[in-house]
Number of protein chains: 2
Amino acid sequence: MKTIKDVAKLAGVSVATVSRALNKSGYVSEKSQLKVEAAIKELDFYPNEVARSLFQKKSKLIGLLLPDIANPFFPLVAKGVEDKVNEMGYKLILGNVQENPLKEAEYIRTFAQNNVAGVLSAVESSSNNLKNMPFVMLDRITSDKEYSVHSDDYQGGMLAALAVSERSPGQVVVMVGPRSVSNSLVRLAGSVKVLEENNVAYQLFETESYQFDSAQESAYQLFELFPDVKSIIASNDIHALTIMREAIRRGLTIPTDVQVIGYDDNPYSKLMYPSLSTIAQPAYQIGYKGAEILCNRIEGLKVKEKTIQLPVKLEIRESLRKKEN
Amino acid sequence: MKTIKDVAKLAGVSVATVSRALNKSGYVSEKSQLKVEAAIKELDFYPNEVARSLFQKKSKLIGLLLPDIANPFFPLVAKGVEDKVNEMGYKLILGNVQENPLKEAEYIRTFAQNNVAGVLSAVESSSNNLKNMPFVMLDRITSDKEYSVHSDDYQGGMLAALAVSERSPGQVVVMVGPRSVSNSLVRLAGSVKVLEENNVAYQLFETESYQFDSAQESAYQLFELFPDVKSIIASNDIHALTIMREAIRRGLTIPTDVQVIGYDDNPYSKLMYPSLSTIAQPAYQIGYKGAEILCNRIEGLKVKEKTIQLPVKLEIRESLRKKEN
DNA sequence: TATATGTATGTAATCGGTTACACATTAAAC
DNA sequence: GTTTAATGTGTAACCGATTACATACATATA
């Protein structure tokens, strides 16, 4: 790899001048600038980011913590993050936490050891450990003292419950995501409000994880516990799809016998048959906007709002019954 | 952030001794070792990886190039990569190339600028630009001079064609992935061999991308071009699911009117109704094994085989008709 | 006792950049 | 024509680690 010294020698100037030319900082004569640029081109020189970041105590890397990349919601978030972050000249260190607090802590330490400029996290607990770096929470709300971008979970919970209420609900089961994830509690609150306002009877079914593997078991348990369920408000699309599959396996017809609504609107939901009705979250936007806020903070610009709430949208598809009246 | 100097001062030794104690290299008396360890613990010190990597000209970071994280095959690969790489003390810089050669080149340059220890790439073209770093190709085969881990595409192509051939194929359409991706050509060769051996008539249908968005349009075109198709060998599960959806939209029944087989076995395929028959690729294994080879190369261990081919498996589900006889 | 070897430690150079500072030159102001 | 300010450039310190080298001491060998 070529270094700034090689460039300096070829251009016939000092390393300081090369550095100034490179960063367009300080005074550089036009003549020197051109000589340096020519030398850089000739040598195909690119500055070593490691050396830069050692001196600056700040790299061009941003840490991204995700709970589970296998959940298709998060790759979309990651894509939004990546696009914005690249636009601003940063790259991502990926941390897939897999609901494992040890991995999480390890990643946060590694981020620090690598002088990351900041961290974007979709993992609830991390906010405690991120005290020393600028960070923005994605999707998860923690406290309103921290920067975060998330969608309107309360509204989402209401919309889902409303969609079900309007469609001969029968026995309703509301699936509640892991207690540790506060979104799921907010959604629940929204759903409960609507259900109670409409005098719809409902029961709760808790799931301890958002992960793929556990969904199968959850779906099975749900039908064992509530064999007469007529409407299910699932905690996300993966669960919803798995529930639909389990219903079909049990010889139930969707939506006639059981109607289901999911959450997230992952790309597969509309491909399924019957297609899944769901509350669409702007995953890409969440990532993009979060990255924008983080980059602005890093660059020292002031960011007006700490918490940005993006709207959710009800997607009516085939997994819901026809509306009454 | 605490530095090695702080540790040295607190422990009452020189920075050299701290470094030696830290890395267990050279001579360190037991007494010094203990003093250093105590100081490290007291200060909660972790070495700055940036400084390390500047001196070593090699970081503990590994670049990962993926064509599209939104395709659920790749998050699984990434998970395998991440698990192995973490095990060996490395972290990942993520590069989502999105079939864009410029982004790819930019990522490769960034990897170099950050002194990555090596690169794992699932993007075909990258092998040309990676000359200066150790790298292993994932999923894609390039030349047998390069390290790679991929699954047995020829076998996969054969299995898919065989499954179809045995089930009253009728008019068969074989979908061919982008020409630039050599896997798809190998698969095609496998399929063609079986189809011709069994005297099954077939037609080709080319798709220019593996991306999500284009799948919809492809599915539509396929049925426009071949309205009487009875069997479809799709180039991956996303396409297969989209095709099934389009078939249903057109009032066709699966598998009676049209049978479909996919490729990859992504987690959604078995949730679909009817569930999608497919050729399962060991995505996680590909990532894990690739990472293992790369890490071994980085650590200077010799790696026996350059190319590792993992087996594929036929998953018969509901999207295929009953076998004849 | 003199010499060689192993153990232990510190000083300083090094990695490849950035930047504070000193110094030189030129242009503008008085 | 001197003073002042603006411009341009180089030397060297610095970021936080690692390691070559010098040195010191203890022990073993002759």
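This structure is a prediction, so every number in the text was calculated from the model and none was measured.
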Quick test: give all pairs of protein nitrogen or oxygen and nucleotides 12-16 of chain C nitrogen or oxygen below 3.5 Å, distance rounded to 0.1 Å.
{"unit_1": "C:dC15", "atom_1": "O3'", "unit_2": "B:Lys57", "atom_2": "NZ", "d": "2.9"}
{"unit_1": "C:dG16", "atom_1": "OP1", "unit_2": "B:Lys57", "atom_2": "NZ", "d": "2.5"}
{"unit_1": "C:dG16", "atom_1": "N2", "unit_2": "A:Ala51", "atom_2": "O", "d": "3.3"}

Any pair counted as salt bridge (charged side-chain N to carboxylate O under 4.0 Å, His left out), so long as it reaches residues 3-20 of chain B, sequence neighbours left out: none

Residue pairs fulfilling salt bridge (charged side-chain N to carboxylate O under 4.0 Å, His left out) with at least one residue in residues 69-89 of chain B, sequence neighbours excluded: A:Asp68-B:Lys79, A:Lys103-B:Glu82, A:Lys103-B:Asp83, B:Lys84-B:Glu87

Residue pair A:Asn23, A:Arg52: steps toward the side-chain hydrogen bond (donor to acceptor under 3.5 Å, both in side chains) verdict: CA-CA 11 Å; A:Asn23 301 298; A:Arg52 270 189 172 165; 3.2 Å; yes

Cation-pi geometry met for A:Lys91 and B:Tyr107 (6.0 Å, 45°): yes

Report yes or no: is the cationic atom of A:Lys2 (NZ for Lys, CZ for Arg) under 6.0 Å from the centre of the six-membered ring of A:Phe45, at an angle within 45° of the ring normal? no

Contact check, residues 18-35 of chain B vs DNA chain C, heavy-atom distance under 4.0 Å, returns B:Arg20, B:Tyr27, B:Val28, B:Ser29, B:Ser32

Of the options A:Leu66, A:Ile108, A:Val123, A:Leu102, which is the one that meets A:Val97 in a side-chain contact (heavy atoms from CB on, under 4.5 Å)? A:Val123

Of A:Val116, A:Ile62, A:Leu61, A:Leu64, the one forming a side-chain contact (heavy atoms from CB on, under 4.5 Å) with A:Phe111 is A:Val116

Work out which heavy atom in [X] is nearest to a heavy atom in [Y]; give both atom names and the distance.
X	Y	value
B:Leu138	B:Gly290	CD2-CA, 3.7 Å
A:Cys295	A:Met88	SG-CG, 3.7 Å
A:Ser53	B:Val50	OG-CG1, 3.2 Å
B:Ala21	B:Val36	CB-CG1, 3.8 Å

For the helix from C:dT1-D:dA30 to C:dC30-D:dG1, measure the angle between the helix axis at one end and the axis at the other, each built from five pairs, rounding to 10°. 50°

Could you walk me through whether B:Gln281 and B:Asp264 pass the side-chain hydrogen bond (donor to acceptor under 3.5 Å, both in side chains) test, one step at a time? CA-CA 5 Å; B:Gln281 290 200 76; B:Asp264 284 351; 2.8 Å; yes

Taken to the nearest whole Å, CG/A:Asn114 to C1'/D:dC15 is 15 Å

Taking OH from B:Tyr46 and P from D:dA17, how many angstroms apart are they, rounded to a whole number? 14 Å

I would like to know whether B:Ser182 and B:Glu124 meet side-chain hydrogen bond (donor to acceptor under 3.5 Å, both in side chains); could you show each step before the answer? CA-CA 8 Å; B:Ser182 57; B:Glu124 184 113 12; 3.1 Å; yes

For A:Ser14 and D:dT11, is the shortest distance between a side-chain N/O and OP1 or OP2 below 4.0 Å? no

Close N/O contacts between protein and nucleotides 22-25 of chain C (under 3.5 Å):
none

